[in-house]
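Written out below as structure tokens is the structure these notes cover.
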Amino acid sequence: MSIVELLKKELAYESMITRKFLERVPEDKWDWKPHEKSMNLKSLTVHLAELPGWISMALHTDELDFAAAPYQPTEVSTRAELVAIFDKALESGTTALNAATEADMKPKWTLRSGEHIHMVMNKYEVIRHSLNQTTHHRAQLGVYLRLLDIPIPGSYGPSADETEF
């Protein structure tokens, strides 16, 4: 199986899990955060919903410069809007991967803020990074949901909320 095929398979699987988490986000807790240094629930979930779009960005650009294009999260006020952002980003990422070749994975891609370079990776590594970020932020969301006493969906098997002992 090619790297592109493996990435497509992983994106599909991880997206199925992420959707279950996003569908449980309480609309009345957008500003809630577990600690003063934490992101609020809205910021965390919008970032998580937008992450599949990084695949398309990685494959169709050579860099992201926050100095030239400051990040502006998509505004949401409902869970349905949040899931719609995710659906749009997932469609974009999936479409880009469906058109990608192994050679498309090799060119370098840069994340910067003006002259300050945050990272330089090949495009495959950027896609893997976005998938890792998805897992990381979904785990954060799981903690938020647990602290808000919302049942956690299973990720790689059933959760304690889905299993009776």
Side-chain angles (χ1 to χ4, degrees), residues 7-61 63-97 109 111-114 116 118-119 121 125-165:
L7 289 170
K8 288 166 42 176
K9 184 177 179 181
E10 185 175 0
L11 175 62
Y13 185 77
E14 293 298 328
S15 296
M16 175 187 65
I17 299 167
T18 300
R19 174 180 303 287
K20 291 190 295 185
F21 276 75
L22 293 175
E23 289 173 342
R24 295 189 185 197
V25 173
E27 295 176 345
D28 63 338
K29 302 288 186 190
W30 290 127
D31 293 327
W32 186 87
K33 56 186 179 177
H35 188 274
E36 66 184 44
K37 293 182 180 180
S38 299
M39 285 189 275
N40 66 35
L41 183 64
K42 182 188 277 189
S43 297
L44 174 64
T45 56
V46 167
H47 179 55
L48 179 58
E50 292 175 338
L51 277 168
W54 276 66
I55 295 168
S56 178
M57 179 181 58
L59 289 169
H60 295 116
T61 67
E63 73 173 19
L64 174 58
D65 183 352
F66 287 124
Y71 172 68
Q72 294 295 322
T74 307
E75 189 56 42
V76 299
S77 57
T78 68
R79 181 178 32 254
E81 290 172 353
L82 179 67
V83 173
I85 291 167
F86 176 71
D87 288 341
K88 182 178 177 183
L90 179 57
E91 181 181 348
S92 173
T94 301
T95 299
L97 272 179
W109 189 89
L111 180 64
R112 66 172 64 236
S113 293
H116 178 75
H118 299 288
M119 66 182 190
M121 299 179 179
E125 292 168 322
V126 175
I127 294 167
R128 284 292 319 130
H129 184 79
S130 72
L131 291 167
N132 290 339
Q133 284 285 302
T134 296
T135 304
H136 165 74
H137 289 303
R138 192 175 64 224
Q140 279 184 293
L141 177 55
V143 171
Y144 283 41
L145 295 176
R146 172 64 70 222
L147 292 172
L148 291 169
D149 203 27
I150 296 168
I152 309 297
S155 292
Y156 305 111
S159 74
D161 295 313
E162 298 174 329
T163 306
E164 292 185 32
F165 293 103

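Keep in mind that what you see is a predicted model, and the values were worked out from it rather than measured.
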Side chain to side chain, [X] and [Y], heavy atoms closer than 4.5 Å:
X	Y	value
Thr95	Ser56	no
Arg79	Leu22	no
Ser15	Thr94	no
Trp54	Leu64	yes
Leu41	Lys33	no
Val126	Leu59	no
Tyr156	Ile17	yes
Val46	Glu75	no

Strictly by modelled atom types, are Glu50 and His47 linked by a side-chain donor-acceptor pair under 3.5 Å?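 Note: Glu50 and His47 side chains miss the donor-acceptor criterion.
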Checking Glu81 against Ser77: is there a side-chain donor and acceptor pair closer than 3.5 Å?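 Yes, a side-chain donor-acceptor pair sits under 3.5 Å.
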Do you know the tightest heavy-atom contact between [X] and [Y]?
X	Y	answer
Arg138	Ser155	NE-OG, 4.3 Å
Tyr144	Met39	OH-O, 2.5 Å
Ala49	Pro52	O-CD, 3.4 Å
Arg24	Ile152	NH1-C, 3.5 Å
Ser113	His118	OG-NE2, 2.7 Å

Could you measure the distance from the [atom1] atom of [X] to the [atom2] atom of [Y]? Nearest 0.5 Å is fine.
X	Y	atom1	atom2	result
Ile127	Glu10	CD1	CD	10.5 Å
Glu91	Lys88	CD	NZ	9.5 Å
Ile85	Leu90	CD1	CG	13.5 Å
Leu51	Leu131	CG	CG	9.0 Å
Thr45	Leu145	OG1	CG	9.5 Å
His137	Phe21	NE2	CZ	14.0 Å

Just by modelled atom types, is the [Y] backbone N or O under 3.5 Å from a matching donor or acceptor in the [X] side chain?
X	Y	answer
His129	Glu125	no
Glu63	Leu111	no
Glu14	Leu11	no
Thr163	Ser159	yes
Lys20	Gly154	yes
Thr134	Ser130	yes
Asn40	Trp32	no
Lys42	Val76	yes
Arg112	Asp65	no

Only one of Leu141, Ile150, Leu148 passes side chain to side chain contact (heavy atoms under 4.5 Å, CB included) with Val25; say which it is.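 The option that passes is Leu141.
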Does [atom1] in [X] sit with more than 12 non-hydrogen atoms of other residues, nucleotides or ligands closer than 6.0 Å?
X	atom1	result
Glu27	CD	yes
Lys8	NZ	yes
Asp28	CG	yes

Evaluate the side-chain contact (heavy atoms from CB on, under 4.5 Å) criterion for residues Arg128 and Leu7: first the C-alpha distance (whole Å), next the side-chain angles of each, then the deciding distance (0.1 Å), finally the verdict. CA-CA 8 Å; Arg128 284 292 319 130; Leu7 289 170; 3.9 Å; yes
